[in-house]
Amino acid sequence: GRLNIDSDLIRETIAILFERTKEPSVLEWMRTEGLAWREPVGKALIARALGKQRDAASRAGLEALLDDGHWLVRANAATALGSIHDPASAPVLAAHMDDRGPKAFIAKVDALAGYGKAGGPATPVVVERLKSTDWQVRLAAIQALAVFGTADAVEPLIDRLDAEGGRLHREVHKALKAITFENFIANPVTWRTWWKGQKPRALPPPPPPQEKKNPEDDRYAPPPKRNGGGGADADETTYYGRRVFSQSILFVLDLSKSMESIIDVPKDAQAKLGTIAHGPRILVAKTAARSAIEKLDERARFNIVFFS
């Protein structure tokens, strides 16, 4: 009954308790009586709490609230479904996308965008929101269309490229590039000319995935080719697989309790760390340091710092 008290502080305190509870009987009450609560603000808080809990068992009850008469209930139910992220909720969210409440629509389209391409069927409804007088609604629609990635969004977005300014203009341009995999300047004429020729052939295929690269790799020279393959020469100084060029080196070794734990070194890493396949972390670290020190140029200077 305290959810009906006209005090935001009390209601929010109760909501936080609901968000953290692990008591099965309380969770079951929230899924049943809680989602059927007679007062909309209390019901919205319970929907939010179930979303914070990522309570998969409440999915059907939350989906039923997407048609609730109060915008906050619809918004919180949609946000909760986005957090639970059950693929079965994507078509349900798409079917309930035609919401005239600005805040409820934003919550629904943001939740559906979290399902990626599965939100594509909602494209026609979301495209209509590009004409909204609320810039926040237009922004949410633009960003969602970029994720859905359907051809039906291209022409309407090109039209908005003509109409929008500032941040929304940049977001439209970003969305067009995300959908089409093209990189034209933010000029509507350029995009219209291209789409006129491209549209009969449908969207271009996505580029091949690029191998993820660690930016730190650029700090090091690639190992020289050896006998037709990669890798450093046997007598070349390396430390954890990295070639060492400096003549002044500082090794830092962790001596904390965690270094006593036993690990299995993968075969592809044993060449970098020595020949240890199994042993304490500290032994692996010492072996790597010893191997590097033994191969240092005789003119090199080094020191070792221990910490725990």
Side-chain angles (χ1 to χ4, degrees), residues 3 15-16 18-130 132 134 136-153 175 178-179 206:
L3 279 172
I16 291 171
F18 280 144
E19 290 169 10
R20 296 179 179 178
T21 184
K22 301 300 179 185
E23 176 59 42
S25 61
V26 176
L27 288 169
E28 184 58 28
W29 179 90
M30 291 166 63
R31 298 174 190 132
T32 52
E33 295 181 50
L35 290 181
W37 195 253
R38 59 189 176 276
E39 193 270 327
V41 175
K43 181 162 49 175
L45 289 177
I46 292 169
R48 187 186 76 186
L50 288 167
K52 294 277 189 180
Q53 293 255 21
R54 290 182 170 83
D55 183 63
S58 64
R59 177 178 64 83
L62 290 165
E63 290 174 353
L65 295 183
L66 294 174
D67 280 329
D68 192 88
H70 196 283
W71 73 266
L72 183 59
V73 176
R74 302 195 303 274
N76 282 8
T79 302
L81 290 169
S83 297
I84 294 169
H85 207 70
D86 188 323
S89 291
V92 181
L93 281 165
H96 290 81
M97 195 53 56
D98 193 10
D99 196 311
R100 294 300 164 178
K103 294 180 181 179
F105 169 79
I106 291 172
K108 287 181 179 181
V109 79
D110 284 349
L112 185 57
Y115 290 90
K117 304 293 183 185
T123 295
V125 176
V126 178
V127 160
E128 285 300 310
R129 295 304 191 276
L130 294 175
S132 172
D134 294 311
Q136 297 96 331
V137 170
R138 300 200 305 276
L139 175 62
I142 292 165
Q143 292 176 333
L145 291 171
V147 175
F148 299 160
T150 65
D152 291 338
I179 295 170

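- For the pair Met30 and Ser58, the minimum side-chain heavy-atom distance is 4.5 Å or more.
- Checked against side chain to side chain contact (heavy atoms under 4.5 Å, CB included), Ala60 has no partners two or more places apart in sequence or in another chain.
- Annotation for Lys117 and Gly149: closest pair NZ-CA, 3.7 Å, computed over non-hydrogen atoms.
- Closest approach of Tyr115 to Ser89, counting heavy atoms only: OH-CB, 3.6 Å.
- In plain terms, the two heavy atoms of Val147 and Gly116 that are nearest each other are CG1-CA, 3.5 Å.
- Atom CG of Leu112 is separated from atom CG of Leu81 by 10.5 Å, given to the nearest 0.5 angstrom.
- Side chain of Thr21 to main chain of Phe18: no donor-acceptor pair is present (N/O by atom type, distance under 3.5 Å, no hydrogens or angles).
- Considering only residues two or more places apart in sequence or on other chains, Ala151 meets the side chain to side chain contact (heavy atoms under 4.5 Å, CB included) condition with Trp195, Leu203.
- Sorted by first and then second residue, the pairs that involve residues 75-86 and meet side-chain hydrogen bond (donor to acceptor under 3.5 Å, both in side chains), not counting sequence neighbours, are Arg59-Asp86.
- For Lys22, the side chain to side chain donor-acceptor pair (under 3.5 Å) partners are Gln53, not counting sequence neighbours.
- Contact annotation: the side chain of Thr150 never approaches that of Pro121 to less than 4.5 Å [non-hydrogen atoms, C-beta and beyond].
- Under a 3.5 Å cut-off, the side chain of Lys108 and the backbone N or O of Leu66 do form a donor-acceptor pair.
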- Passes side chain to side chain contact (heavy atoms under 4.5 Å, CB included), Glu33 versus Leu35? Steps please. CA-CA 6 Å; Glu33 295 181 50; Leu35 290 181; over 6 Å; no
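- Glu128 is linked by a side chain to side chain contact (heavy atoms under 4.5 Å, CB included) to Lys131, counting only residues two or more places apart in sequence or in another chain.
- Residues passing the salt bridge (charged side-chain N to carboxylate O under 4.0 Å, His left out) test with Arg20, sequence neighbours excluded: none.
- Between Gly51 and Ala80, the closest heavy-atom pair is CA-CB, 3.5 Å.
- Residues forming a salt bridge (charged side-chain N to carboxylate O under 4.0 Å, His left out) with Arg48 (at least two apart in sequence, or on another chain): Glu12, Glu19.
- Contacts classified as ring-ring contact (aromatic ring centres under 6.0 Å, His included) and involving residues 57-78 (residues at least two apart or in different chains) are not found.
- Residues forming a side chain to side chain contact (heavy atoms under 4.5 Å, CB included) with Val137 (at least two apart in sequence, or on another chain): Pro102, Phe105, Ile106, Arg129, Ser132, Asp134.
- Proximity of Val26 to Trp29: side-chain heavy atoms (C-beta onward) are nowhere separated by under 4.5 Å.
- One distance of note links CD of Glu39 with CD1 of Ile46; it measures 9.5 Å at 0.5 Å rounding.
- The two residues Asp98 and Arg100 have their closest heavy-atom pair at OD1-NH2, 3.4 Å.
- Pairs passing the salt bridge (Lys or Arg N to Asp or Glu O under 4.0 Å) check and including a residue from residues 139-153, sequence neighbours excluded, do not occur.
- Taking each heavy atom of Ala75 and Ala104 in turn, the nearest pair found is CB-CA, 4.0 Å.
- One distance of note links CD1 of Ile16 with CG of Leu45; it measures 10.0 Å at 0.5 Å rounding.
- With sequence neighbours excluded, no residue forms a salt bridge (charged side-chain N to carboxylate O under 4.0 Å, His left out) with Asp110.
- Pairs passing the salt bridge (Lys or Arg N to Asp or Glu O under 4.0 Å) check and including a residue from residues 72-83, sequence neighbours excluded, read Arg74-Asp99.
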